[in-house]
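A short write-up of the structure that comes next.
Reckoned from all heavy atoms, side chains included, excluding hydrogens, waters and symmetry mates. Fair warning: this is a prediction, and the values are worked out from it, not measured in the lab. The chains referred to below are lettered A, B, ... by the order of the sequence lines, with proteins before strands, and numbering in each begins at 1.
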Amino acid sequence: MPAWPGVPLPRSFYDRDPLVVAPELLNKVLASSSGRAGRIVEVEAYRGDIDPAAHTYRGKTARNATMFGPPGFMYVYFTYGMHWCCNTVCEAEGQGSGVLLRALEPIAGIEQMRSARARVKRDQELCSGPARLTQAMGIAGAQNGIDLVSAQQGFSVLDDGIAPPENLVGTARIGISRGMEHLWRWYVPGNVNVSKR
DNA sequence: TTAGAGATGATC
DNA sequence: ATCATCTCTAAG
């Protein structure tokens, strides 16, 4: 029983500039074999070559190695001493670019999400932030480097026929201190699951 | 409803 | 010292 009906995005979807991939990921579905799924409603693009806010800007390290790998894999990193965040790797191997998933609209397995985030009161608090959604979906360090295209390792990004919003406008990314000039954050307008300011 | 600060540890 | 964050607490 799949978490949600849909077709996994092909490798070629990810093998493009993250500035193109990020807005197209809106309204796609992040699904887990555990039965949990959420619609992607907020994303940010990061580009290793020209983006001082990207983890990959200063070259390859043990931590960011996944993001320098082939497209369509999941880069998961640990930050602020307690949080995990989840990206999709983009462009060809060696580029070091990706898309940070910042918020989901919960659509399946909501009871499991609540178990993973017991303090939460409203559904819209379950996945409305990059570290919240990894908690709710059960994503942590063990998921760094898994293949989202083959969907053989428990997670995939699905197209279920819902198109991205039209007339999107990029906004400033959240929580960074450099690269502020790049307006590389996109979200589904009006969706209550988008992270708060 | 909003603002401020603590938590907590890997990274470079 | 910084960090692609969250949550609690106190004040308004």
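Within the 3.5 Å criterion, the main-chain N or O of A:His55 finds no donor-acceptor partner in the side chain of A:Arg58.
When heavy atoms are screened at a 4.0 angstrom cut-off, A:Ala131 is found touching the sugar-phosphate backbone but no base atom. Across all strands shown, A:Arg58 has no heavy atoms under 4.0 Å from either base or sugar-phosphate atoms. Within the 4.0 angstrom heavy-atom criterion, base atoms lie near A:Leu100.
Take the nearest nucleotide of DNA chain C for A:Gln135 and for A:Thr56: the residue whose nucleotide is more 5' is A:Thr56.
Per the geometry, CG belonging to A:Asn64 stands 17 Å off P belonging to B:dA10, to the nearest Å. The distance from atom CD of A:Glu44 to atom C1' of C:dT5 is 12 Å, rounded to the nearest whole Å. A:His83 has its NE2 atom 13 Å from the P atom of B:dA7, to the nearest Å. In this structure, the CD atom of A:Glu125 is 12 Å from the P atom of C:dC6, given to the nearest Å. Here C:dA4 presents its P atom at 7 Å from CZ of A:Arg63, a figure rounded to the nearest Å. Separating the CE atom of A:Met82 from the P atom of C:dC8 is a distance of 12 Å, rounded to the nearest angstrom. To the nearest angstrom, C1' of C:dA4 lies 16 Å from CG of A:Leu183. What separates NE2 of A:His55 from C1' of C:dT2 is a distance of 11 Å, to the nearest Å.
Taking atom C1' in both B:dA3 and C:dA4, the straight-line distance is 22 Å, to the nearest Å.
For A:Arg117, no side-chain nitrogen or oxygen approaches OP1 or OP2 of C:dC6 to under 4.0 Å. Look at A:Arg132 and you'll find a side-chain N or O under 4.0 angstrom from OP1 or OP2 of C:dT7. In this model, the phosphate group of B:dC12 is approached by a side-chain N or O of A:Thr61 to a distance below 4.0 Å at OP1 or OP2.
Put simply, the side chain of A:Tyr77 and the base of C:dA4 share a donor and an acceptor less than 3.5 Å apart.
Between A:Tyr75 and A:Tyr77, the distance separating the two ring centers is shorter than 6.0 angstrom.
Across all strands shown, C:dA10 forms a Watson-Crick or G-U wobble pair with B:dT2, both key distances being under 3.5 Å.
Taking CZ of A:Arg132 as the reference point, atom OG1 of A:Thr134 lies at 11.0 Å (rounded to 0.5 Å).
Cation-pi check for A:Arg178 over A:Tyr57 is not met; the charged atom does not lie both under 6.0 angstrom from the ring centroid and within 45 degrees of its normal.
The aromatic ring of A:Tyr46 stacks onto the base of C:dA4, its centre lying under 5.5 Å from the centre of the six-membered base ring with the two planes under 30° apart.
Nearest to the side-chain atoms of A:Ser177 among the listed nucleotides C:dT5, C:dC3, C:dA4 stands C:dC3.
A:Arg102 has a carboxylate O that lies under 4.0 Å from a charged side-chain N of A:Glu42, or vice versa, which qualifies the two as a salt bridge.
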